[in-house]
Amino acid sequence: MEIIKISDKKDLSLFVNFINKLYKPCNFYNVFTKKEFKKRLKKLCLKDKTSTALIAVKNKQVIGRILYSYQCTDNDTTCLFSFFDCINNKKVSRQLFAYIFKEMEENNINNFTSSWYPFENDLNNGILIDGFDNPPTQNNSYNYEYYNELLEDVGLVKLVDSITMKIQSSPRLENILYEASNIVSRRYNLSIKPFNNRNYKIEMEDIKKVFHMYKNIAEDNNDINELEKYLINLKSQIDYRYFLIAREIETNEPIGFVLCLPEYNQLLIRTKGRYKSFVYRFKKNKVSRIIGNKLCIIPRYQNTELAIHLCDVLYKNAKAQKILEMEIDKLPEGNNSIVKFIKRLTGSTVKVYRTYKNR
């Protein structure tokens with residue numbers, strides 16, 4: 001067996017295409033848009049050289065892969081890894097990680113963390129450790145059950161877990177939404193309407209206004225600018241029936257918004273990670289799930305039932321399209337306020353992702 005550092009387009013293709021064979025028997029294919037994925041990896045590994053990709057090869061067959069990079073701060077440097085995929089063989093995973101650990105030792109780097117998603121620098125994209133009978137949520141990976149054993153074998157331990165929760169249509173849920181929505185309607189004179197893309201500048205200013213009050217940050221804070229960039233990047237994925245803004249009717253002041261995305265991962269599974277415009281055009285209404293993305297309420301309305309009132313309108317819009325379930329991912333573990341809110345809406349945990357660190 002040989003560990004090869006990716007240095008050309010040919011090897012990069014081997015890195016990208018390895019999961020075709022690895023996940024061929026699996027119904028929950030580990031999906032990324034292949035063309036875009038390869039393009040981004042080419043920039044990271046071959047052009048900018050800010051990341052390193054490795055493949056394990058035996059008898060001219062790829063049997064494992066991993067991507068890693070270094071994050072430097074004023075006080076320390078941390079090695080971050082992602083896209084670890086491997087056959088169920090501890091010898092293969094040990095050699096992949098041994099290559100990285102040797103390089104870390106040579107450069108006096110002690111901290112090692114997973115799972116880093118290099119295109120967003122998001123530490124919440126972990127390794128799936130529970131919920132293997134569920135398809136992957138959009139922008140999250142799917143992996144075989146044995147991965148946790150392989151990672152613990154090379155000396156990694158839990159850093160933090162994040163969870164994915166699911167809310168499904170039911171008479172109980174509809175009753176909760178109906179009662180809370182009635183309370184809000186009686187007490188306040190509000191409107192809830194989809195984001196109007198024709199009045200993009202005005203609508204975006206209202207979104208930013210809500211966000212800065214929700215976060216209690218200055219209007220020129222970088223978080224607000226990052227929010228706009230984030231929404232621009234999501235533009236092709238947004239269905240405005242699931243992007244709702246609440247306003248006071250008398251003042252027209254924005255007081256909250258909710259954003260969910262259609263689960264286009266279901267279409268990517270159909271096309272094996274290839275973007276096919278005709279599938280998106282003619283099959284997008286076949287999507288059966290939406291993904292909770294953001295829910296922001298200004299402080300003055302946070303102790304009201306406005307959040308559930310927004311969810312009620314969202315639910316009705318989704319149900320009209322025969323969408324009967326929603327998932328919310330990257331939630332911190334524990335019984336925090338977000339988890340309690342989702343549980344109130346009959347939500348339950350369906351997946352657990354783990355971020356690892358070295359001992």
Within this structure, what is the [atom1]-[atom2] distance for the pair [X] and [Y], rounded to the nearest 0.5 Å?
| X | Y | atom1 | atom2 | value |
| --- | --- | --- | --- | --- |
| Ile249 | Asn189 | CD1 | CG | 4.0 Å |
| Ile290 | Glu327 | CD1 | CD | 11.0 Å |
| Met326 | Met165 | CE | CE | 10.5 Å |
| Leu231 | Ile238 | CG | CD1 | 5.5 Å |
| Lys229 | Glu226 | NZ | CD | 4.5 Å |
| Asp85 | Tyr147 | CG | OH | 3.5 Å |

Check: Taking the six-membered ring where the residue is Trp, are the ring centres of Phe97 and Phe81 under 6.0 Å apart?
Finding: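 Yes, the ring centres sit under 6.0 Å apart.
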For this session: Verify the ring-centre separation between Phe112 and Tyr68: is it less than 6.0 angstrom?
Result: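 Not close enough - the centres of the two rings lie 6.0 Å or further apart.
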Take atom [atom1] in [X]; do more than 12 heavy atoms of anything else shown fall under 6.0 Å from it?
| X | atom1 | result |
| --- | --- | --- |
| Glu152 | CD | yes |
| Asn303 | CG | no |
| Glu106 | CD | yes |

Between Val258 and Leu324, is there a shared hydrophobic cluster once you connect ILVMFWY residues whose side-chain heavy atoms come closer than 4.5 Å?
->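 No, separate clusters.
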| message | In this structure, would Val350 and Phe341 fall into the same cluster of hydrophobic residues linked by side-chain contacts under 4.5 Å? | response |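 Val350 and Phe341: separate clusters.
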request  = Over 60° means perpendicular and under 30° means parallel, so classify the ring planes of Phe195 and Phe243, tilted if in between.
outcome  = parallel
request  = Classify the angle between the aromatic ring planes of Phe15 and Phe37 as parallel (below 30°), tilted (30 to 60°) or perpendicular (above 60°).
outcome  = tilted
Side chain to side chain, [X] and [Y], heavy atoms closer than 4.5 Å:
| X | Y | result |
| --- | --- | --- |
| Leu227 | Lys294 | yes |
| Leu345 | Cys311 | yes |
| Cys45 | Leu67 | yes |
| Lys351 | Ile163 | no |
| Asn134 | Thr164 | no |
| Tyr242 | Leu261 | no |
| Ile183 | Arg186 | yes |
| Lys9 | Lys42 | yes |

With sequence neighbours left out, the residues meeting side chain to side chain contact (heavy atoms under 4.5 Å, CB included) with Lys5 are Thr52, Leu54, Tyr99
Specify the closest pair of heavy atoms between [X] and [Y], including all atoms of both residues, with the distance to one decimal.
| X | Y | result |
| --- | --- | --- |
| Lys38 | Leu12 | O-CD2, 3.9 Å |
| Ala56 | Ile3 | CB-CD1, 3.7 Å |
| Cys79 | Ile100 | SG-CG2, 3.8 Å |
| Leu150 | Phe84 | CD1-CZ, 4.1 Å |
| Val154 | Arg94 | CG1-CA, 3.9 Å |
| Lys235 | Asn197 | CE-ND2, 3.9 Å |

Taking [Y]'s backbone N and O only, do any of them form a donor-acceptor pair with [X]'s side chain (distance below 3.5 Å, no angle check)?
| X | Y | value |
| --- | --- | --- |
| Asn59 | Gln61 | no |
| Asn252 | Arg247 | no |
| Ser69 | Thr50 | yes |
| Tyr144 | Phe132 | no |
| Ser181 | Tyr178 | no |

- [ ] Please assess Ile127 against Asn148 for the test side chain to side chain contact (heavy atoms under 4.5 Å, CB included), listing each intermediate value before the final yes or no.
- [x] CA-CA 8 Å; Ile127 302 294; Asn148 181 55; 5.8 Å; no
Notebook entry, point to check: Which is it for Met1 and Ile63 under the side chain to side chain contact (heavy atoms under 4.5 Å, CB included) test, yes or no, and what are the steps along the way?
Noted result: CA-CA 9 Å; Met1 180 172 55; Ile63 53 178; 3.7 Å; yes
Hey, is [X] close enough to [Y] for a salt bridge, meaning N to O under 4.0 Å?
| X | Y | value |
| --- | --- | --- |
| Asp239 | Arg241 | yes |
| Glu228 | Lys201 | no |
| Glu203 | Arg198 | no |
| Glu253 | Lys209 | yes |
| Lys208 | Glu205 | yes |
| Glu333 | Lys158 | yes |
| Arg344 | Glu179 | no |

Between Ser169 and Glu174, does a side chain to side chain contact (heavy atoms under 4.5 Å, CB included) hold up when you go through it step by step? CA-CA 7 Å; Ser169 175; Glu174 291 185 3; 4.0 Å; yes
Tyr301 and ring-ring contact (aromatic ring centres under 6.0 Å, His included): which single residue from Tyr214, Tyr188, Phe257 fits?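 Per the ring-ring contact (aromatic ring centres under 6.0 Å, His included) rule, the option paired with Tyr301 is Tyr188, out of Tyr214, Tyr188, Phe257.
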Exercise. Step by step, work out the side chain to side chain contact (heavy atoms under 4.5 Å, CB included) result for Lys357 and Val157.
Key: CA-CA 6 Å; Lys357 66 176 182 177; Val157 296; 3.9 Å; yes
*asked:* Going by the rule side chain to side chain donor-acceptor pair (under 3.5 Å), which residues pair with Tyr200 if we only count those two or more places apart in sequence or in a different chain?
replied: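 Counting only residues at least two positions away or on another chain, Tyr200 forms no side chain to side chain donor-acceptor pair (under 3.5 Å).
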